[in-house]
Amino acid sequence: MSANLSATLYLISGVLFILALRGLSSPETSRQGNLFGIIGMLIAVTVTFLSVGNFTSGFVYVLIFLAIGGSIGAFIAYKIPMTAMPELVAGFHSLVGLAAVFVAISAFINPEAFGLGTPGNIKLASLVEMAIGAAVGAITFSGSVIAFLKLQGIMSGAPITFKGQHALNALILVSIIILTFYLCSTQSSNLFWILIAVSFLIGFLIIIPIGGADMPVVISMLNSYSGWAAAGIGFTLENTALIITGALVGSSGAILSYIMCKGMNRSFFNVILGGFGATAESTGDKKTEQRPVKSGNADDAAFLMKNASSVIIVPGYGMAVAQAQHALREMVDTLKKNDIKVSYAIHPVAGRMPGHMNVLLAEANVPYDEVFELEEINNDFANADVAFVIGANDVTNPVAKTDPQSPIYGMPVLDVEKCKSVLFVKRSLSPGYAGIDNDLFYKENTLMLFADAKKMTEDITKNL
Amino acid sequence: MSANLSATLYLISGVLFILALRGLSSPETSRQGNLFGIIGMLIAVTVTFLSVGNFTSGFVYVLIFLAIGGSIGAFIAYKIPMTAMPELVAGFHSLVGLAAVFVAISAFINPEAFGLGTPGNIKLASLVEMAIGAAVGAITFSGSVIAFLKLQGIMSGAPITFKGQHALNALILVSIIILTFYLCSTQSSNLFWILIAVSFLIGFLIIIPIGGADMPVVISMLNSYSGWAAAGIGFTLENTALIITGALVGSSGAILSYIMCKGMNRSFFNVILGGFGATAESTGDKKTEQRPVKSGNADDAAFLMKNASSVIIVPGYGMAVAQAQHALREMVDTLKKNDIKVSYAIHPVAGRMPGHMNVLLAEANVPYDEVFELEEINNDFANADVAFVIGANDVTNPVAKTDPQSPIYGMPVLDVEKCKSVLFVKRSLSPGYAGIDNDLFYKENTLMLFADAKKMTEDITKNL
Amino acid sequence: MEIDPFIFRLSIFILSIFIGYYVVWSVTPSLHTPLMSVTNAISSVIIVGAIIAALSGNEEVIFSSSSIYGFLAIILAAVNIFGGFLVTQRMLAMYKKKKKDK
Amino acid sequence: MEIDPFIFRLSIFILSIFIGYYVVWSVTPSLHTPLMSVTNAISSVIIVGAIIAALSGNEEVIFSSSSIYGFLAIILAAVNIFGGFLVTQRMLAMYKKKKKDK
Ligand SMILES: NC(=O)c1ccc[n+]([C@@H]2O[C@H](COP(=O)([O-])OP(=O)(O)OC[C@H]3O[C@@H](n4cnc5c(N)ncnc54)[C@H](OP(=O)(O)O)[C@@H]3O)[C@@H](O)[C@H]2O)c1
Ligand SMILES: NC(=O)c1ccc[n+]([C@@H]2O[C@H](COP(=O)([O-])OP(=O)(O)OC[C@H]3O[C@@H](n4cnc5c(N)ncnc54)[C@H](OP(=O)(O)O)[C@@H]3O)[C@@H](O)[C@H]2O)c1
């Protein structure tokens with residue numbers, strides 16, 4: 001296949017990837033977008049086969065390995081519960097990172113296959129790109145592994161901090177730059193291996209001080225890194241599809257972490273420098289003062305809702321933990337049969353990743369035109385009868401509007417307190433992710449429903 | 001200057017142009033954006049000088065000609081009244097089109113200077129690009145000239161139609177393609193000249209059947225063409241800045257004409273195939289039926305507004321014609337002194353070009369945070385006391401919501417009729433651009449103020 | 001006076017960053033989770049490099065010290081490609097509009 | 001196996017169309033008139049071609065049959081550049097926020 005033809009086809013596949021992301025601008029076009037993505041990938045893989053043109057028995061092995069990886073991937077994709085998406089994404093990122101490292105290693109050992117020169121005599125530009133690709137890939141890998149372990153609960157979510165941590169990290173980063181520099185002048189393979197090892201280490205060190213609850217921001221950041229790594233390798237391989245995709249993924253991750261930080265009203269550095277989860281937990285322990293709360297049971301809740309004419313549902317992380325989305329949907333169906341208007345209010349950072357609640361509600365067959373964003377629905381609370389808060393906490397906390405001392409001050413919140421009555425489904429009075437108390441629990445018009453979210457919703461449905 | 005350095009600098013200038021357009025996403029960043037644009041242009045021009053590197057006395061002449069053109073441009077920019085922006089833009093487009101033609105001619109006569117081969121032996125790809133650039137440039141030129149003449153009123157705005165017009169146009173377009181084909185195989189300079197002449201002709205023929213009032217859409221379309229012409233020349237000159245800019249301008253014009261067509265609820269083809277203005281004018285003459293209207297004077301209007309607590313101003317094309325923006329602003333200042341809440345409601349196609357009203361209000365020092373788009377303000381009419389409609393007509397016509405037969409059916413309109421009272425400032429009962437009667441004139445709560453917009457507003461201010 | 005292809009690639013890279021910026025901002029927030037999984041899938045186009053690396057051997061030595069890394073990378077990337085696109089598809093299939101007749 | 005630079009330029013062109021699409025949609029409607037005048041100004045980078053054409057002569061023949069077109073194009077483009085940017089600046093200078101103390 002001529003170089004021009006394959007370059008054109010790679011361009012087409014890059015454009016298809018752009019269209020894949022563009023499709024996500026609305027649910028209707030999103031499925032078509034995904035299809036574009038798949039076609040783009042097919043083109044890229046086919047063109048690569050044809051332009052290498054080496055149909056030896058190696059080719060058969062490639063197909064076999066592809067099939068092995070593909071089946072594993074497909075298996076995971078079908079088995080994974082929707083609630084485990086944050087872990088899944090973290091796990092997948094680690095694989096992209098590692099793949100980038102492997103490709104860089106292979107190119108370093110056998111540069112001829114990539115047309116980059118001979119071993120020990122690799123083109124300077126390619127060597128730099130290769131080193132960057134390998135280092136960023138390695139950081140992505142080890143960082144994502146830690147994120148995965150923390151999210152899965154295999155590793156404690158508590159931030160691991162020690163003295164001189166930031167200094168050590170800075171030192172390692174500097175050493176990576178120096179290593180790259182020497183690698184380029186000496187072309188020594190030892191330096192290359194050291195570079196990769198040190199990059200693995202720094203990825204690990206950067207992530208451990210970050211609390212488990214901040215992992216979503218970290219995942220997005222690593223997503224961004226994996227994009228830049230891919231782009232770096234793209235420059236080495238002189239491949240347009242990789243360069244375009246790398247840049248897309250790089251921006252996408254950066255924007256998502258920005259959106260999350262903004263939704264929490266924290267700066268990116270505040271998240272990355274770590275230690276947030278630690279404060280949170282200690283604050284959580286301190287809150288021992290006892291104020292009176294009104295608590296009720298499923299019967300009370302059912303009564304309140306039966307007499308309401310409009311109900312707004314506010315789901316949060318607890319709904320995901322309890323896997324209560326299906327039970328919730330059934331409750332809402334029953335309400336609707338009684339001619340009660342129901343809508344869902346989704347806070348931008350409800351749950352543990354952007355769009356988390358939307359996916360879960362979609363899984364439970366909630367039509368997306370009943371689901372509203374914060375800005376769309378926030379004015380409606382004043383006219384609604386009941387706010388049904390299920391497993392959400394921080395995203396309803398009015399302290400964000402009133403107390404400049406609070407860590408979440410300035411974060412936009414859902415104005416549930418404006419409803420005639422507020423129902424809170426959670427297991428205890430314990431605080432949410434940000435570790436701060438929620439004054440709403442103690443309000444006149446609040447009824448606490450202490451139970452697991454799924455059980456409580458099922459009970460309410462029975463009582464309706 | 002090395003080819004790599006200049007290519008990089010051209011890229012930078014292309015990126016600066018992107019940032020220039022990006023700046024326009026909000027008024028705050030827009031001035032900085034314009035600065036980016038200027039810097040980008042400076043870089044492009046400087047790099048070109050340095051890479052040609054021919055500092056003979058020709059260089060001095062270039063500077064002289066630049067200065068001549070620049071002074072003319074600067075003079076126009078400072079003298080032009082804001083109300084003449086549509087004409088100005090049309091005029092400027094014609095210049096870009098002609099410049100593209102000239103560059104293509106020069107490259108055709110002396111291809112060596114551009115590194116494209118020798119006369120009569122020009123590289124095929126370059127010849128195709130050159131032909132496209134020249135043809136599109138010529139169409140842009142003659143089309144824009146007609147648009148300019150129609151907008152200035154030098155040429156009648158009435159559509160000029162004759163039998164077989166569309167067939168003739170189609171024939172000419174086909175002949176352009178055939179000419180390009182033969183040009184490429186023969187490299188004959190005669191064919192090149194004929195191609196340009198025919199392109200001038202088609203630009204002329206395409207625009208004359210379109211009514212004067214549809215010129216804004218045409219201008220935008222020609223803007224788009226001028227972009228594609230620039231991109232064509234960019235391929236010939238192998239210049240990144242030109243390619244990027246051409247694509248930007250090409251999309252921008254296309255999107256703006258789409259926005260206008262959508263705002264009028266007409267299809268692009270409906271506009272381009274012409275004849276709309278003709279229907280409009282004839283309908284205007286036919287409307288002779290007399291229904292009773294309530295008409296008032298400045299005193300009545302002042303009384304109504306003085307007793308209002310909130311007033312919404314709806315400006316339209318008539319305000320531009322009467323240059324009433326400053327008088328309006330003074331009236332509003334007086335109202336505000338009386339503690340009356342005033343806001344401005346701008347329909348997307350009010351006036352004769354996108355954003356027309358906004359520029360005029362800005363000129364009159366109206367702060368842009370008092371000016372609202374249709375979607376932002378449409379619900380507020382129900383709560384406002386007075387809608388002050390000044391020189392607007394179609395954009396308030398409720399027939400767009402009620403009568404599927406109407407040519408503007410489906411076009412979003414401002415719900416002024418929901419206000420307690422509506423004041424209409426216009427000179428007569430004659431219809432607006434779309435040539436259809438406005439039922440609002442005859443409503444109970446409407447008061448017509450028949451006068452020139454500027455005079456009437458000044459009178460009202462005196463009476464307040 | 002030839003321009004180094006690197007400059008072109010750099011242009012492509014920079015322009016793609018702009019596109020990424022805009023295209024991602026235009027993604028509706030309710031699809032942010034599918035966005036994460038689909039970007040994951042497309043970033044596995046790194047498999048292009050993996051295939052080149054894997055096929056760098058010849059008929060005698062299929063698994064050389066360098067091609068072995070390619071084969072490993074193929075597995076990893078393939079997991080991502082299939083996993084990423086399929087899980088996205090699974091998610092997107094769940095986003096439904098309210099039925100009119102309800 | 002060298003890639004024709006044309007392919008790269010084509011890539012740049014296509015990517016720029018995407019950027020144009022997004023960047024223009026993100027322009028606030030109240031600035032659509034300045035948008036028209038600024039796109040007009042930037043499309044005059046065609047002056048790059050005009051300058052090359054104008055300087056194609058030599059010390060003896062400054063105004064050749066080909067360079068004369070270049071000089072003409074320079075005038076036209078210069079009118080646009082100065083006119084376009086200045087009128088945009090004039091317009092943008094008018095867009096002001098409400099003063100707080102009012
Ligand atoms: N979405 C994102 O992208 C993202 C990213 C990073 C950080 N965050 C942060 O995550 C937080 C999200 O707010 P949120 O309101 O959704 O959650 P939250 O504030 O973390 O509160 C979740 C609540 O759910 C309750 N809960 C847990 N398991 C439950 C179960 N099985 N049944 C019933 N209730 C249960 C918990 O109370 P009990 O223990 O008493 O039951 C907890 O108070 C925000 O602070 C946000 O900044 C979000
Ligand atoms: N903005 C765009 O981009 C664009 C582009 C293409 C087409 N259009 C079309 O333009 C129309 C714009 O609607 P519009 O409501 O702004 O304008 P309009 O419907 O054209 O009405 C303008 C009104 O202003 C009155 N008028 C004219 N000169 C006046 C003066 N000196 N003093 C007072 N009144 C005066 C006219 O009535 P009298 O003669 O009785 O005074 C006329 O009815 C729409 O139909 C739209 O589709 C807009």
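Here is the naming used below: chain letters follow the sequence lines, and residue numbers restart at 1 for every chain. Below, each value reflects all heavy atoms present in this structure, side chains not excepted, and no hydrogens, waters or symmetry copies.
In this structure, the side chains of A:I76 and C:F82 stay at 4.5 Å or more apart for every pair of heavy atoms. Side-chain atoms of C:Y69 and A:V101, non-hydrogen and from C-beta on, never get closer than 4.5 Å to each other. Side-chain contact check for A:I259 versus C:W25: some heavy-atom pair is nearer than 4.5 Å. Put simply, the side chain of A:E129 reaches to within 4.5 Å of the side chain of C:F6, judged on heavy atoms. Side-chain contact between A:P354 and C:M36: present, with at least one pair of heavy atoms (C-beta onward) separated by less than 4.5 Å. The closest side-chain heavy-atom distance from C:T39 to A:L248 is not below 4.5 Å. A:T240 places none of its side-chain heavy atoms less than 4.5 Å from the side chain of C:R9. Counting heavy atoms from C-beta on, the side chains of A:M82 and C:M94 come closer than 4.5 Å.
If you measure heavy-atom distances from A:I243 to chain C, the contacts under 4.5 Å come from both the backbone and the side chain. For A:L256, the part sitting under 4.5 Å from any heavy atom of chain C is the side chain, from C-beta outward, and nothing else. The contact between A:S252 and chain C is made by backbone and side chain atoms together, counting heavy-atom distances below 4.5 Å. Within the 4.5 angstrom heavy-atom criterion, atoms from both the backbone and the side chain of A:L98 approach chain C. Proximity to chain C (any heavy atom under 4.5 Å) is shown, for A:F36, by neither the backbone nor the side chain. Looking at A:L88, the atoms closer than 4.5 Å to chain C (heavy atoms on both sides) all sit in the side chain, from C-beta outward.
Side-chain N/O atoms of C:T33 and A:N358 include no donor and acceptor closer than 3.5 Å.
At distances below 3.5 Å, at least one donor-acceptor pair connects side-chain atoms of C:R90 with backbone N or O atoms of A:I80. Side-chain atoms of C:N80 come within 3.5 Å of backbone N or O of A:F92 as a donor-acceptor pair.
Ring pair C:F71/A:Y61 is perpendicular by interplanar angle, where above 60° counts as perpendicular and below 30° as parallel.
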